[in-house]
Every structure is written in C-alpha cells, then in structure tokens.
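Encoded as structure tokens, the structure appears first; notes follow it.
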Amino acid sequence: MPSQETISDGTTLSMSPVADPRSTVTGPNYRFTLMDEVVLRYEWSLDGVFEDRASTLAIHRSFPPTQFSVQDTKANLEIVTPNFHVVYDKKRFSQSGLHVTFSSKTTLWGSEWRFGQDAIDKNLGGTARTLDECDGRCEMGAGILSRSGYAALDDSESMLFDGMGFVSPRRPGDRIDGYLFCYGLDYKRAMRSYFAISGRQPRLPRWALGNWWSRFHRYSADSYVALMDKFRAQDIPLSVAVIDMDWHLVHDVRVPHAGWTGYTWNETLFPNPTDFGRALHDRNLRITLNDHPHSGLHHHEALYEEMAKALNHDTSDRAPIAFDPTNKRLLDAWLTILHRSLERQACDFWWIDWQQGSTSRVPGLDPLWLLNHFHFLDNANKVGGSPLIFSRYAGPGSHRYPVGFSGDSFATWASLQFQPEFTATASNIGYGWWSHDIGGHMHGYRDDELTTRWVQFGAFSPILRLHSSDSQWASKEPCLYREEYAKVMTSALQLRHRLVPYIFTMNVVGAVSDEPLIQPMYWKYPARDEAYEFPNQYSFGTALVVAPVVTACSKVTGLASVKVWIPPQRHVDIFTGWVYDGDREISMHRSISNIPVLAAQGSIIPLDLTLAPSNGCFNPEGYEVYIVVGQNGHFVIIEDPRDDVDNPQKLDGPDRQIKIEFDQLAGRVKVESGGKWWKFRFVAVSRVPYGVRVLFNGAKQADATFNLEDTTGPPGLVVEVPPQPVDGTIIVDLGLNPQLDCIDPVETISNMLLDWQIDFALKEKLWKIVTSGQNESIKLGRLLTLGIEKALIGPIVEVLCSDSRTATGDTAFESIVAEEV
C-alpha cells in the first residue's frame with residue numbers, strides 16, 4: 001500500500017515501498033523481487049528479515065506483476081523472464097553462487113553478471129558529490145547505463161524512510177540489498193525503470209531556468225541592488241539573486257565560531273532585510289540565501305531564545321543549540337521557526353552549502369540526505385507547486401531534490417573541458433539539474449576567452465549561474481571583460497532567457513516522460529560507436545545537439561576547433577545557418593561569437609521574441625520560432641499561467657499548450673495565434689519558388705511582413721505576424737516541399753581568408769585551390785600536400801565538405817514575396 005513521508009506541517013512525498021507479493025520469490029535467507037521487465041531486486045539477510053521500508057534510492061516497489069517462471073530444487077533456484085535468467089545456489093550471495101544471463105545480444109559471446117563482478121569498465125558513469133578541489137576530471141562513479149547491457153546498484157547501506165515522517169538507519173547484521181538493471185541497449189527503458197523506482201525529477205519553476213547571479217562577496221543591500229540595476233541597464237536579464245554567506249554575521253566579535261554558520265542578518269550591510277527582499281522582488285528576482293548549519297545556533301543569534309523555548313533548551317549558561325539533523329524535533333523547529341522567519345524577510349529558497357561530510361550522530365544517516373529531503377518538502381509546503389532547493393548531490397535518488405550545486409570550480413580550461421561531459425553523464429543516474437560555477441570560482445587565472453566559452457556553455461546547460469570568488473579580479477560582470485568578449489557574454493545571457501520557452505517545455509515534459517534536459521548522445525543512438533566517442537557533445541532537449549567549444553582560438557585564424565559527430569539526418573547550425581550532411585564526423589571551427597548548436601530537419605525551436613528579455617522569465621508576449629525545413633515537424637509550447645506578467649497573485653490554472661506543426665510536403669506552418677506576436681524564422685531558406693502566403697482563419701494577412709535581411713538570428717526567411725484582434729489559426733505557406741540553402745563555399749572561404757593573419761602568398765595558394773573548379777576530393781588532396789598547420793586546413797575542409805549538395809537557384813528577395821503560382 002502507498003505510504004507518505006510527512007513533516008510536521010503536512011507536506012508529503014508519496015511512496016509505495018512494499019512490492020506486490022506476486023512479484024517476489026522468497027526463501028529462508030533470500031528474497032528476489034521482479035520489479036518490472038528489466039529490474040531485479042536481490043536481497044540476502046542472515047536473520048531472514050527483509051526490508052520493506054523506502055530507501056533513498058527506492059521509494060516505489062509496488063508495481064504490477066511481470067512475467068516470470070521459477071524452478072526451485074533443493075540445491076538451486078532459477079528464475080526465468082523474457083530478458084534474463086537467474087541461477088542461485090541458495091547460499092550467501094557470491095560470485096559463484098549467484099549469476100544472471102541475459103537475452104540481449106550486446107556482445108558476440110553474450111553477457112553474464114555475477115554477484116560482485118560488475119562490468120565497471122563498461123559502465124558509462126554517474127556523477128560526483130562535488131567538484132571541490134577538482135582541476136579537470138574527477139571520478140564519476142557508476143550509473144544505471146553500461147555498454148555491457150546491465151548494471152547493478154548496491155542499496156545495502158542507504159538511509160531509510162521510516163513511514164512515519166522521518167528516517168531510520170538500516171537494521172544491523174549481515175545484509176545485502178541490490179538492484180540489477182537488465183536492458184541490453186535500451187537505455188531509455190532502463191532509465192524509465194530507474195525513475196519509476198526512485199521517483200521522477202520534479203518540475204522546476206520557470207524562473208529557475210533563467211540567469212542566476214552569484215558571488216562570494218561582502219555586498220551591502222545597496223550595492224547588491226545597484227548591481228542588479230546595472231545589469232538591467234546593460235540589457236542583461238536575471239532571474240535569481242544568490243546571496244552568499246556574508247548576509248549574516250561572520251566576522252563580528254559576537255560570533256563565537258569560525259563564522260560559516262549564521263542566522264542573524266548583518267545589520268551593517270543589510271539594515272532592513274525586508275526592504276532588501278522587497279527591492280529584489282520588485283525587480284522580478286527570486287532570492288536564495290547561503291546556509292551552513294553545522295555550527296548550530298549560538299546565543300548571539302536573533303532567534304536563539306525563541307528556538308530554545310520551542311526545544312526546551314536550557315539557556316542559563318547560554319549553551320549553543322547543537323545542529324543535529326537526526327533530531328526530528330530540532331529539524332522541524334529549524335525549518336518552521338528559524339528558516340521561516342528569514343524567509344518572510346528575504347528568502348525564496350535555500351542554498352544548502354553542507355561541506356561537513358556524510359556522517360552524523362546516527363550511523364547510516366547522511367546529514368546531506370536529511371537536509372535535502374526535508375528542506376525540499378518544506379519548500380514544497382511553502383510554495384505549493386514546483387519547489388526548489390540548491391544543494392550538493394547525496395547519492396542515487398538525489399534527482400528528486402533539484403537544483404544541484406556542483407561545488408567550487410577551478411577557473412581553468414581543464415575545468416571547462418570536463419564540465420560538459422560531467423553534466424551529460426549525470427543523467428545516467430537521473431541527475432538532470434546541475435548548476436555549476438559558470439566561469440569558475442577560485443584558483444586559476446584571468447582568461448577572457450575561457451570565461452566567454454564557459455558562459456556560452458552555460459547558456460546550453462541545465463542552470464546558468466555566474467559565480468566567482470571575492471577576488472577583485474574575478475567577478476563575472478561582462479562589462480569587466482574586454483569589449484569583444486563582453487559583447488558575446490551579454491549575447492549568451494540574453495539568449496538563455498530567450499530559450500526559456502523551449503527549456504521550460506522540456507522541463508515540464510521531462511518530468512513526466514523521464515527525459516532529462518541534457519542527455520549523452522548514446523541515449524538516442526546506443527548502437528552507434530560514434531555516440532560514445534564524443535562525451536562533450538549532448539542533446540539539449542528534443543531538438544538541439546550542442547558541442548561546446550572548450551579550447552582556445554587559433555591566434556592565426558581566430559577560430560577554435562571542436563570535433564562533432566552529426567547524427568543521422570541533415571542538420572543546420574542555428575547560429576551560422578550552415579547545413580551539414582548527417583551521420584558523419586567533422587571538425588567544426590567557430591570564432592568567439594558562437595559554438596556549434598545543431599538542429600535536425602523538422603526541428604522547431606521556440607524563443608522569446610524579445611532580443612533582450614526582462615528579469616524573471618515571464619511568459620513572453622510573442623515568440624520567434626526557428627523552423628528547419630526538410631522533414632515534418634511538431635512542437636507544443638507549454639506555458640504555466642502563474643508565469644503570466646499580468647498575474648501578480650500567481651493564480652493557478654492548467655498549463656496552456658500552443659501547438660506548432662510544420663508539414664514539409666505542403667510547406668506549411670500552422671499555429672494557434674493565442675494573442676501573441678509571431679515571428680517565424682525558416683533557417684537557411686532563401687529560395688521559395690512559389691512565393692509566401694500568410695493566412696489567418698483562412699484569410700490572407702496583409703500586415704504580415706517578409707524579410708531576408710534580419711541579422712538578429714541565423715540567415716533565412718523571416719515572416720512576422722502581428723497580434724490579431726481575435727484568437728485563430730495562423731498558417732504560413734511557403735509552397736510545396738521547401739529546401740535548405742547550400743552555403744556558397746567560395747564566398748565563405750574568401751571571408752575567412754581575408755581575416756586570417758597569414759602570409760599573403762599562402763593566401764593566394766589557398767585561394768587558387770578553392771577556386772580551381774576541381775571536385776572537392778582533388779581540392780582536399782592539394783590542400784593536404786601544402787604541409788601547412790591544421791588550424792588553416794581544418795576550416796576550409798569543413799566548408800568544402802559540410803554539405804554534399806550543390807548550391808543552385810535564384811536567391812533574389814523578389815521570389816520570396818511574389819504571389820503564389
């Protein structure tokens with residue numbers, strides 16, 4: 001029967017930890033549970049007592065029975081399912097006594113799991129508790145996915161929920177509790193089972209998807225608000241204001257400890273916290289306060305007496321109230337008295353900055369787990385839907401408590417080079433909402449190009465949170481960087497807010513479909529070796545493939561290189577408009593202005609129409625929709641009415657859905673107007689032989705405009721439709737079977753050569769080869785015989801080889817606006 005974990009104020013988290021008896025095979029000291037078609041739970045206990053309480057990993061075990069058969073003899077037990085075959089000798093689990101074979105054919109010789117012999121070398125990784133002190137790669141542990149087609153997850157030591165609103169350690173004694181996932185190459189099936197057992201990723205509030213400002217710095221209320229106004233004056237949107245630890249008393253003589261813990265506002269810096277909170281809220285910013293609770297509550301704190309009274313704590317000798325998260329009564333008071341008072345002043349959610357390890361007064365109870373779980377439930381009770389905390393990863397099951405704080409990143413190229421892989425791989429353990437110190441927090445060096453590339457990656461990461469140390473040389477305001485980099489950083493931050501309609505939709509859909517926003521390429525292409533060979537490349541939602549640039553530009557060409565695997569189907573770069581043949585590997589070269597972000601034919605990507613959106617990530621008044629022709633496309637924009645700019649009371653209601661459909665054969669886009677301003681950008685389309693028509697409720701729209709010169713996005717045909725007086729259906733008709741343009745390789749290479757800092761004679765040699773009229777293979781052979789550096793050859797090869805088609809057709813603007821034939 002389902003149970004619920006409850007804290008004192010009534011917030012609940014649904015759990016169903018007891019399996020259907022029809023799904024279990026039980027003996028004196030063993031129990032096997034067929035969780036579903038691909039997951040086997042295996043338990044052994046010396047005393048024959050098994051665990052039916054929910055664990056941090058597994059909160060659901062009650063599923064419909066699945067198909068299996070049992071052969072039970074005196075010496076052996078066999079369990080046979082369509083996917084796996086268990087053979088067990090009925091003794092304490094061992095390598096020789098418990099093994100499982102699989103029906104999937106992931107190798108030529110088959111595959112087999114033996115207890116204690118996991119194929120770690122083939123496991124595709126999970127994630128880590130923190131990136132603290134990591135300058136580059138770190139150990140990511142094991143996740144659910146493995147190229148062996150199976151993975152085992154040991155749950156023997158995890159914390160338990162007691163079914164009465166709190167937690168419990170495991171029973172003492174010799175016990176084994178594990179889960180074997182058997183999925184072959186069906187990775188998404190494996191992850192659906194994992195989320196079913198461990199709980200789904202919650203839906204994030206829309207504002208969490210915008211830009212966060214964070215810095216370890218002694219701001220005052222006035223200086224912080226002034227900085228927020230400075231960002232606004234520079235058209236840089238923000239949605240979350242992070243206040244690091246100096247909001248409270250730290251170095252004050254009254255503080256009897258190191259100062260990391262504190263719950264009394266520093267009145268010198270923040271004389272009126274309520275006014276400070278109101279000022280940030282008036283600027284449409286949500287507030288998170290940094291919290292290090294480990295030193296407890298001392299007598300100098302403003303709420304010491306009230307907390308002591310609630311806990312019957314003796315204050316005669318001004319003894320501190322020790323922080324003990326294993327004490328339910330104390331934890332309840334900590335949240336409902338101490339935190340709630342601060343929240344009424346200036347705090348929407350908490351940054352739980354726990355760095356004191358995984359041990360507590362009760363063996364087996366991890367303080368970080370306790371903090372994450374109960375803070376999340378408390379925030380849910382406070383805000384209703386879409387609760388949020390900001391904290392470190394505590395182990396499998398942590399995805400239930402977003403957002404993750406990955407710790408203090410080094411400000412080095414090595415750190416940036418690892419973060420895309422680290423972020424994507426975390427999805428293999430369900431952890432889809434990492435927030436990194438974008439630009440790096442400490443150590444390292446000043447490198448404007450590095451910071452800019454980091455911000456570009458941040459725009460296509462789960463959470464974009466600018467962060468830095470207190471050093472006067474390290475702050476991340478774009479205006480503090482050289483002009484050419486500041487411009488690109490500002491553009492990336494604006495783009496992030498423009499992308500929120502797309503990201504929020506992925507967030508909502510992913511919460512019910514078990515699809516994290518960021519996924520390694522092998523989630524979609526598990527049978528392709530190439531999908532494993534580009535760990536820094538990932539899917540960003542359903543429509544985009546991102547390959548962040550993580551190396552410096554060539555001083556000669558001004559371009560950086562990144563190797564990319566283009567999945568099957570032709571793709572378009574949504575920044576450059578360049579078209580690439582699919583199912584191939586290629587080195588892409590980009591200036592500091594952009595990174596490769598690819599969309600397959602049939603992709604539809606909705607953006608906020610405003611080029612410099614305001615703070616807060618409200619539902620936009622209009623949309624710019626990127627459409628990549630060549631295949632049918634479909635996208636449903638999801639809006640929460642609580643995010644409407646004209647809904648200050650945050651009145652709830654069902655999500656709105658705005659369907660956008662593209663019919664390739666007819667060349668037609670269809671959308672319900674919804675009172676919005678619509679701008680359709682047909683990326684890399686300039687030739688529409690039959691002309692363009694815009695219809696509203698079947699009538700031709702005279703106020704629609706057509707533009708091929710719009711440079712605010714990738715090149716292509718732009719059609720704008722102003723808001724209509726009534727709701728209805730907009731149809732944009734391009735004519736039959738529109739096609740993507742081919743870039744002119746000669747013109748593109750000419751522009752590159754003009755910019756390159758090389759000898760004029762070498763430019764002439766390169767130019768003669770490019771314009772020789774010979775086919776591409778001969779040109780490539782001639783280029784390679786020059787013996788020049790790769791940085792020069794690579795960009796030319798990319799242009800010559802990106803698209804196998806030949807550029808043809810009239811690109812005159814008149815053909816776009818002509819009447820349909």
Side-chain angles (χ1 to χ4, degrees), residues 7-9 11 13 130 202 204-205 207-208 212-216 219 224 239-250 259-266 270 273-274 276-277 280-281 285-297 301-303 307 321 323-325 330-356 366-394 398-408 433-435 437 463 465 467:
I7 59 176
S8 60
D9 53 18
T11 301
L13 176 67
T130 181
L204 266 59
W207 48 261
W212 298 28
W213 174 257
S214 175
R215 187 185 178 198
F216 180 41
Y219 288 109
Y224 201 102
S239 63
V240 175
V242 181
I243 319 297
D244 214 315
M245 61 176 286
D246 284 291
W247 67 269
H248 61 73
L249 296 174
V250 177
W260 290 92
T261 300
Y263 296 95
T264 302
W265 286 90
N266 183 333
F270 300 91
T274 301
F276 173 63
L280 293 181
H281 286 155
L285 299 171
R286 301 301 179 108
I287 306 165
T288 181
L289 299 180
N290 180 272
D291 182 23
H292 288 86
H294 68 285
S295 292
L297 198 71
E301 302 281 12
L303 289 172
M307 284 286 288
I321 302 172
F323 180 70
D324 178 9
L330 180 134
L331 190 57
D332 284 353
W334 212 270
L335 296 171
T336 59
I337 298 175
L338 188 62
H339 276 202
R340 196 69 77 246
S341 175
L342 293 162
E343 290 162 2
R344 284 192 288 267
Q345 294 172 309
C347 183
D348 297 299
F349 66 104
W350 289 90
W351 173 8
I352 307 163
D353 200 359
W354 181 265
Q355 303 178 65
Q356 284 68 49
D366 182 343
L368 181 57
W369 261 117
L370 289 159
L371 291 169
N372 289 354
H373 180 75
F374 288 108
H375 275 74
F376 187 79
L377 295 186
D378 185 60
N379 190 255
N381 180 71
K382 176 189 169 189
V383 304
S386 301
L388 196 72
I389 62 169
F390 181 36
S391 185
R392 283 173 165 82
Y393 174 80
S398 293
H399 61 273
R400 298 191 298 268
Y401 317 110
V403 162
F405 167 50
S406 66
D408 299 332
W433 292 110
W434 266 129
S435 169
D437 290 348
I463 301 292
R465 178 178 52 86
H467 186 72

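- Here the shortest heavy-atom pairing between Ile287 and Ala346 reads CG2-O, 3.4 Å.
- What you find for Leu204 and Ile463 is that their closest heavy atoms are CD2-CD1, 4.1 Å.
- Inter-residue side-chain proximity for Ser406 and Tyr393 is flagged as unmet; no heavy-atom pair is nearer than 4.5 Å.
- Taking 4.5 Å as the limit, some side-chain heavy atom of Asp244 sits within range of a side-chain heavy atom of Trp351.
- Trp354 places none of its side-chain heavy atoms less than 4.5 Å from the side chain of Leu370.
- For Phe349 and Trp212, the gap between ring centers is short of 6.0 Å.
- Although no hydrogens or angles enter the test, the distance criterion places a donor-acceptor pair under 3.5 Å between the side chain of Thr264 and the main chain of Ala302.
- Listed for the Trp207 side chain is no donor-acceptor partner under 3.5 Å among the backbone atoms of Val240.
- Paired with Trp334 under the rule ring-ring contact (aromatic ring centres under 6.0 Å, His included), one option of Phe323, Phe374, Trp350 passes, and it is Phe323.
- A 4.5 Å side-chain heavy-atom check between Ile321 and Leu330 finds at least one atom pair inside the cut-off.
- The closest side-chain heavy-atom distance from Arg392 to Gln355 is below 4.5 Å.
- Counting heavy atoms from C-beta on, the side chains of Asp348 and Glu343 never come closer than 4.5 Å.
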Indicate every side-chain donor-acceptor pair of residues 383-390 with a distance under 3.5 Å to a residue at least two apart or in another chain.
none

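- Side chains of His294 and Trp260 form a contact here, defined as non-hydrogen atoms less than 4.5 Å apart.
- Note on ring orientation: taking the six-membered ring where Trp is involved, the planes of Phe276 and Tyr224 are perpendicular (angle over 60°, cut-offs 30° and 60°).
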How far apart are the C-alpha atoms of Phe405 and Ile352, what are their side-chain angles, what is the distance that settles it, and do they pass the side-chain contact (heavy atoms from CB on, under 4.5 Å) test? CA-CA 9 Å; Phe405 167 50; Ile352 307 163; over 6 Å; no
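- Ring planes of His339 and Tyr263: tilted class, angle from 30 to 60°.
- A 4.5 Å side-chain heavy-atom check between Ile243 and Tyr219 finds every atom pair outside the cut-off.
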